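What you see is a predicted model; the values in this text were computed from it and never measured. Along the sequence shown, residues carry numbers from 1.
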Amino acid sequence: MHGQAENSGPGGYAAARLRLLNEKARSGPPRRSALAGLTDDWLAGLFAAGAPGARGVSLVAVGGYGRAELSPRSDLDLLLLHDGSATGAVSALADRLWYPVWDLGLALDHSVRTPAEARRTAGEDLKVQLGLLDARHIAGDLGLTTALRTTVLADWRNQAPKRLPALRELCEERAARQGELQYLLEPDLKEARGGLRDVTALRAVAASWLADAPREGLAEARSGLLDVRDALHLTTGRATDRLALQEQDQVAAELGVLDADALLRQVYEAARVIAYAGDVTWREVGRVLRSRSVRPRLRAMLGGGKPAPERSPLAEGVVEQDGEVVLARAARPDRDPVLPLRAAAAAAQAGLPLNLHAVRRMAAGARALPSPWPAEARQQLLTLLGSGRPTVDVWEALEAEGLISLLLPDWDRVRCRPQRNAVHLWTVDRHLIETAVRASAFTRRVSRPDLLLIAALLHDIGKGWPGDHSVAGEVIARDVAARVGFDPADVTVVATLVRHHLLLVETATRRDLDDPATVRSVAEAVGSPGTLELLHALTEADALATGPAAWSSWRAALVADLVKRVSAVLAGQTPPDPEEALPTAQHERLALEAVATGAPVLSLRAQTEPAAEPSDDPEPLGVELLIAVPEQAGVLPAVAGVLAMHRLTVRTAELRSLDLPDGVDGSVLLLDWRVAAEYGSLPQAARLRADLVRALDGSLDISARLAERDAAYPRRRGVVAPPPRVTVAPAASRHATVIEVRAQDAPGLLFRIGRALEDAAVRVRSAHVSTLGANAVDAFYVTQERVPLPGEEAVAVARKLEEALRA
């Protein structure tokens, strides 16, 4: 006992609790156990004072408290159990127990029931039954508590064939609602898939005696998540299970972990162990329940006896049995180093899970493959990577037992590595597998699907190293591809694909494709039509695997246009010079009207692209906005500001002077922009024109209007965004200086940039706007007197622009 007399009063318990929580030398399981013991003693004292020598009543801890796992801000889950002989006295006792708990500000989940009522409620409410499975006696009639525990466990085991499917459905619904703990940037440690709720479910399955979870690493994973939750409670002072971004550094410091990334990796590792244990356990539950339903019929047909399981061969040493892939009886993992890859490829091709015991047997006898790999090993890896969606589960099974690290040692650096970018849905390792899954759908459109698949697996492998991940990844990919057994020419192609896997999408969305220098630089980097074909497929697979914000019909169209232009250069054609391009009839008509009226003239025309899948609706690429305006200062910020006022997002923006027909005086700027409505319908062209006229003549204060709107709709507090960064892209164009802006996307950002560039006395020829999640990455082609800026002046303009955006 922890000093029942000292802690029988609220003040004594509160002081002892505070001392315990501030005791740095004791943390983790010992502190949780000590806190539960301290609380037991206090509640037992309250119980003894309220019901001295009482029989037929007991105080029972259930749920997490029943498991003696009290975090600093955990609820107290309590059941006051009684035999029904003295309900009035029990009600008074309940008041003497609950009110002191509430007085201390502790969260309390309480109930007062007879054993029959508890049993009936458990039968009706699965969550109540799960809590009672962890029932633990605190005070009072021990026999009453013991009898209830025995009855609840017996009911659970008898009802398991019906209750376990309901529990599995509950887990799946929660996972769909909360997401997967091992991939979330702000995970819920309890509710997300792979979290503490799932561990409780696995304990319940084990208590049913129907199946059991793989135990290796499970207790450590659970304890690790509980430690993180303890630190989260202590640093926030709140009963929260969500590990918010702004609290991760504090939690890491409380746990003595290097930083927030290291903390997330620990959380992800634990969640992965729990999620994999859940997959294996629920598969076993399903197998057992199926066999129970089928076996009586088989016995009747065969006259009794247990039928031998059917085994169908899948590959050398690999068979299917009872819906899983297992090893053949004659398989020798210690003598067959290719067996893990062969079994994995067979499982993925058949769309079947790898049996846990088979994977462990292979891991126990596995030997490293020779370098370079034998041809069969390389082919089996490519078969695994090309199997589509089933690859994910098979890969995770190999990874759970350390086989991936044995095959690809570089994998450990990206394993469970978080990506602090809202665009990315997955950790680095899971993103690599997802990219291979996406790439498997494109193997029919490239001449070397094997190089596409291995590049998909390795394209972000450099994220485990310091510096530019594409540069580091090129070195690693070259080594891995050679080790896997590709010849030197193929190794070079794979290394090129990894080095330049972002080249197409970044160039297409941030550079002027009409500039010959842009197209030539891509052609020089890629080198050959075959590599370009592979890079095009890899670009799409990578973007699709990143998340919905990374790919669209608009981006696909821009990339396809770039690929077409680069293909022409690689075929020996010379790209046209944009300075020599003739205006279209529509451009000339708008320009002449602008000169005649002395005011802006504009045209709006919707653009759509057929959807990727025939069943989908066409995806809008935005609206083509053509504006002709007599040449004057302030055109870019005026147009950008008006569009921001009307909640139009700019995707691309091109500005150029038009040469007018002979005999027509004046100079006209033509703006050819692609825009899209943030929400709602597009504004009328006449309304846009009227506001643009007012913006250009100074009667419309755009800055004030945008400030009013921001004040009317204040932004919620969130993570502080990193400061904007403005750089000069070296040798990007011979016609202009390219200034690149990376900043937090916000309404009016392009207006602020345009105004700053106007103040710097430079002219914007074209702008290429790209938004990835909350990040804007924009490129501006600027000139002075129609020529690029000198080097020092370009740097000075970039510095001024950055200062303006930081203000």
(request) Could you walk me through whether W465 and V414 pass side chain to side chain contact (heavy atoms under 4.5 Å, CB included), step by step? (result) CA-CA 9 Å; W465 297 80; V414 296; over 6 Å; no
Taking all heavy atoms of [X] and all of [Y], pick out the closest pair and write down the distance.
X: S440; Y: G388; answer: OG-CA, 3.5 Å
X: W411; Y: I433; answer: CH2-CD1, 4.1 Å
X: A344; Y: L354; answer: CA-CD1, 4.2 Å
X: L398; Y: P340; answer: CD2-O, 4.4 Å
X: V273; Y: G217; answer: CG1-O, 3.7 Å
X: V318; Y: V325; answer: CG1-CG1, 3.3 Å

Atom [atom1] in [X], atom [atom2] in [Y]: separation rounded to 0.5 Å?
X: L327; Y: L339; atom1: CG; atom2: CG; result: 5.5 Å
X: D261; Y: Q266; atom1: CG; atom2: CD; result: 12.0 Å
X: S528; Y: L570; atom1: OG; atom2: CG; result: 7.5 Å
X: R413; Y: I461; atom1: CZ; atom2: CD1; result: 10.5 Å
X: E324; Y: L352; atom1: CD; atom2: CG; result: 9.0 Å

(request) Apply the side-chain contact (heavy atoms from CB on, under 4.5 Å) test between V563 and each candidate in V522, L532, L558; give the one that qualifies. (result) L532
(message) For D542, is there any backbone N or O sitting under 3.5 Å from a side-chain donor or acceptor partner on T435?
(response) no
(message) Looking at T539 and V505, would you say the former's side chain and the latter's main chain have a donor-acceptor pair under 3.5 Å?
(response) no
Electrostatic pair [X]:[Y] at N-O distance under 4.0 angstrom:
X: D515; Y: R520; answer: no
X: D334; Y: R361; answer: no
X: R215; Y: E220; answer: no
X: R360; Y: E216; answer: yes
X: E740; Y: R725; answer: no

(request) Tell me, please, which residues at least two apart from L232 pass side-chain contact (heavy atoms from CB on, under 4.5 Å). (result) L189, T236, T240, L243, E247, V251
(request) Can you sort out the partners of L451 under side-chain contact (heavy atoms from CB on, under 4.5 Å), two or more places apart, ordered by chain and number? (result) R448, F486, D490, V493, V494, L534
(request) Provide the full list of salt bridge (charged side-chain N to carboxylate O under 4.0 Å, His left out) pairs with a residue in residues 366-377, sequence neighbours left out, each pair given once. (result) R342-E376
[Y] and [X] side chains, donor-acceptor separation under 3.5 Å:
X: D460; Y: H469; value: yes
X: E533; Y: S447; value: yes
X: Q573; Y: R565; value: no
X: S387; Y: Q349; value: yes

(request) Could I get the full list of side-chain hydrogen bond (donor to acceptor under 3.5 Å, both in side chains) partners for D198, not counting sequence neighbours? (result) R174
Listing, residues 476-485 side-chain donor-acceptor contacts under 3.5 Å, not counting sequence neighbours, or none:
from	atom 1	to	atom 2	distance (Å)
D479	OD2	R483	NH2	2.7
R483	NH2	D410	OD2	3.2

(request) Flag the pair Y781 / H768 as yes when their ring centroid distance falls below 6.0 Å, and as no otherwise. (result) yes
(request) Test H431 against H459 for side-chain hydrogen bond (donor to acceptor under 3.5 Å, both in side chains), laying out the working first. (result) CA-CA 10 Å; H431 169 70; H459 74 278; 3.1 Å; yes
(message) Could you tell me if R445 sits above the aromatic ring of F442, with its cationic atom closer than 6.0 Å to the ring centre and no more than 45 degrees from the axis?
(response) yes
(message) So for atom CD, which belongs to E269, do other residues, nucleotides or ligands contribute more than 12 heavy atoms lying within a distance under 6.0 Å?
(response) yes
(request) May I ask you to check whether over 12 heavy atoms, not counting those of R420, lie within 6.0 Å of atom CZ? (result) yes
(request) Can you sort out the partners of W373 under ring pair (Phe, Tyr, Trp, His ring centres under 6.0 Å), two or more places apart, ordered by chain and number? (result) none
(message) Checking L457 against W395 for the side chain to side chain contact (heavy atoms under 4.5 Å, CB included) test, could you report, in this order, the C-alpha distance in whole Å, the side-chain angles of both residues, the deciding distance, and whether it holds?
(response) CA-CA 12 Å; L457 180 69; W395 189 275; 3.8 Å; yes
